[in-house]
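Working notes for the structure below.
Worth knowing before you read on, the calculation uses all heavy atoms, side chains too, and leaves out hydrogens, waters and symmetry mates.
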Amino acid sequence: MFQDVHEYGQINYVIAIGSLSSSFSLLGLNTAVTRLVPQGHKQIDIQANQVILISATVCAIIASIFNWILGLFVLGMAFWMMSSYELLSRKLYSKYAINIIGARASQLVLSIILYSFFGISGIIVGFIISFFAFSITYFKTIPQFSKRFDKITKEFKTSLHLYSYNLSNALLLYLDKLIIAPIYGYTILGYYQLGFQFLMFFSMISVSFYQYLIPEESSGRKKNKLRVYGIALSVVITILVFIFAPTILNVFFPNYINSLNSIRILSMGIIPMMITSTLNSKFLAMKRTRFVLISSIIYQVTQIILIIILGRQFGIDGISLSVVFAMLVQITFLGIAQLRLNKRNVQNV
């Protein structure tokens, strides 16, 4: 890796601030569009994009107080997210994949190039350019903007529930960085973040399953067999990561060898993340967003407490364990909720 551990932790701290700000600006409208468009709600994507232009601008201004360049980061990420979810809502899966993979790949290339000229700021600029370049779907809707918000107002309650969940999910991805850096420093965050990146990379499959299942099940199609395949695949991936992690580190990240245990521990989170994603998609399809929200809060509170307790006792390994333990607690809640719903449905038949 072209950055030292300390600098890697620092850039991830800055990106976490920008990403969390962008997540605040989405107001749950990205997931609302994914659910409602397949159900035949017309113009809701246009009106959602109108609202995002306003909310993202406000969040961008606030983020720019911390670092002026983060304002553009927040806008770009919000537009890109809405573009991606709109493609998903219309079941244009190949274009959706191109939009996601293309943005991530260009971010990597541009960040490496610009880092050599501008340092950490160059990495942020690389992200910004990629976000805007792959936000074409969003920009195409701008000529259709109007002063009407009736569709969004009608679905405001649904959007609010989804916003609570989306925000909880964003906190899952980024809040830990904002806690670890002030308490343990950028170096510890750098080692931990490499392991977390492994988890996020290989959990892209679970995220893809979740995002695919929402529009499909919102249309009334059951995909239980696909859930089983997804969980089985996550088990295989976990085993492979656990075995090949030392080789990957030695070849590609020799300066991050202290992340080995963290990577192995966090790889065990791939399976519970897949299970959580499939259960959440089922609850969202049934409009049982309350369970999704509560489980996310349970995860977040558990993780924060364990980061402080286990981090002080076991360092990076303890911080990594906090993620896996929090996921297991979350799954336990979701599993109990699912069993109770099934029992209630049987009694009502």
Side-chain angles (χ1 to χ4, degrees), residues 11-35 45 48-67 69-86 88-89 99-100 103-104 107 124 127-128 130-132 134-135 138 152 156 158-181 193 196-197 199-200 203-204 206-208 210-211 214 273 276-277 280-281 284 289 292-297 299-301 303-304 323 326 330:
I11 186 60
N12 275 283
Y13 180 71
V14 175
I15 288 175
I17 294 173
S19 300
L20 201 53
S21 300
S22 184
S23 298
F24 271 101
S25 75
L26 291 175
L27 303 174
L29 293 174
N30 53 331
T31 309
V33 166
T34 308
R35 275 194 53 194
D45 52 335
N49 285 343
Q50 292 176 180
V51 175
I52 292 301
L53 182 60
I54 299 169
S55 61
T57 300
V58 173
C59 289
I61 292 171
I62 296 172
S64 64
I65 296 173
F66 176 82
N67 187 323
I69 205 169
L70 281 181
L72 292 173
F73 182 99
V74 171
L75 284 173
M77 185 174 180
F79 297 161
W80 171 68
M81 289 287 286
M82 292 305 294
S83 294
S84 300
Y85 275 79
E86 183 168 345
L88 190 63
S89 71
N99 212 57
I100 296 293
R104 294 307 187 190
Q107 283 170 8
I124 304 296
F127 273 74
I128 292 169
S130 298
F131 284 144
F132 278 98
F134 286 88
S135 297
Y138 179 90
I152 289 296
F156 180 72
T158 299
S159 178
L160 199 60
H161 277 293
L162 294 172
Y163 180 48
S164 301
Y165 166 67
N166 285 358
L167 198 55
S168 299
N169 199 44
L171 292 171
L172 179 154
L173 294 174
Y174 307 116
L175 184 61
D176 53 351
K177 286 77 171 168
L178 304 186
I179 295 172
I180 294 169
Q193 182 60 19
F196 193 80
Q197 287 293 84
L199 173 62
M200 288 298 102
S203 68
M204 282 175 59
S206 66
V207 174
S208 299
Y210 162 73
Q211 293 176 336
I214 291 177
M273 186 169 282
T276 301
S277 296
N280 281 341
S281 67
L284 288 174
T289 54
V292 177
L293 172 61
I294 294 172
S295 76
S296 298
I297 294 173
Y299 170 87
Q300 206 62 66
V301 172
Q303 187 197 23
I304 291 172
V323 176
Q330 183 182 24

- Taking the side chain as C-beta and beyond, is there a heavy-atom pair between L72 and I124 under 4.5 Å? no

- Query: Would you say the side chain of F196 lies within less than 4.5 Å of the side chain of I180, judging by non-hydrogen atoms?
  - Reply: no

Specify the closest pair of heavy atoms between [X] and [Y], including all atoms of both residues, with the distance to one decimal.
X: A16; Y: K177; value: CB-CB, 3.9 Å
X: I52; Y: A78; value: CG2-CB, 4.2 Å
X: L178; Y: L20; value: CD1-CD2, 3.8 Å
X: S84; Y: I100; value: OG-CD1, 3.7 Å
X: T34; Y: Y85; value: OG1-CD2, 2.9 Å
X: I17; Y: L70; value: CG2-CD1, 4.0 Å

How many angstroms lie between [atom1] in [X] and [atom2] in [Y], if you round to the nearest 0.5 Å?
X: L175; Y: L173; atom1: CG; atom2: CG; value: 10.5 Å
X: Q107; Y: F134; atom1: CD; atom2: CZ; value: 9.0 Å
X: Q330; Y: T276; atom1: CD; atom2: OG1; value: 4.5 Å
X: I54; Y: C59; atom1: CD1; atom2: SG; value: 12.0 Å

- Item | Pair listing, side-chain hydrogen bond (donor to acceptor under 3.5 Å, both in side chains) test, anchored in residues 12-30, at least two apart | N12-Q193, N30-N166

- Which residues pass the side-chain contact (heavy atoms from CB on, under 4.5 Å) test with I62, sequence neighbours left out? V58

- Under the side-chain contact (heavy atoms from CB on, under 4.5 Å) test, residues paired with A48 that sit two or more places apart: L29, V33, M82, I152

- Do L53 and L75 pass the side-chain contact (heavy atoms from CB on, under 4.5 Å) test, and can you show the C-alpha distance, the side-chain angles, and the key distance before you say yes or no? CA-CA 8 Å; L53 182 60; L75 284 173; 5.6 Å; no

- Selection residues 74-86 - residue pairs positive for salt bridge (charged side-chain N to carboxylate O under 4.0 Å, His left out), sequence neighbours left out: E86-R90

- Non-neighbouring partners of Q300 that pass side chain to side chain donor-acceptor pair (under 3.5 Å), sequence neighbours left out: Q303

- Item | Contacts of type side chain to side chain donor-acceptor pair (under 3.5 Å), residue S83, not counting sequence neighbours | none

- Message: Using side-chain contact (heavy atoms from CB on, under 4.5 Å), reason through V323 and Y299 one step at a time and then give a plain yes or no.
- Response: CA-CA 9 Å; V323 176; Y299 170 87; 3.6 Å; yes

- Query: Counting only N and O atoms by type, is there a donor-acceptor contact under 3.5 Å from the side chain of S64 to the main-chain atoms of G71?
  - Reply: no

Report the residues that fulfil ring-ring contact (aromatic ring centres under 6.0 Å, His included) with [X], sequence neighbours left out, ordered by chain and then residue number.
X: Y138; answer: F79
X: F131; answer: F73, W80
X: Y174; answer: none

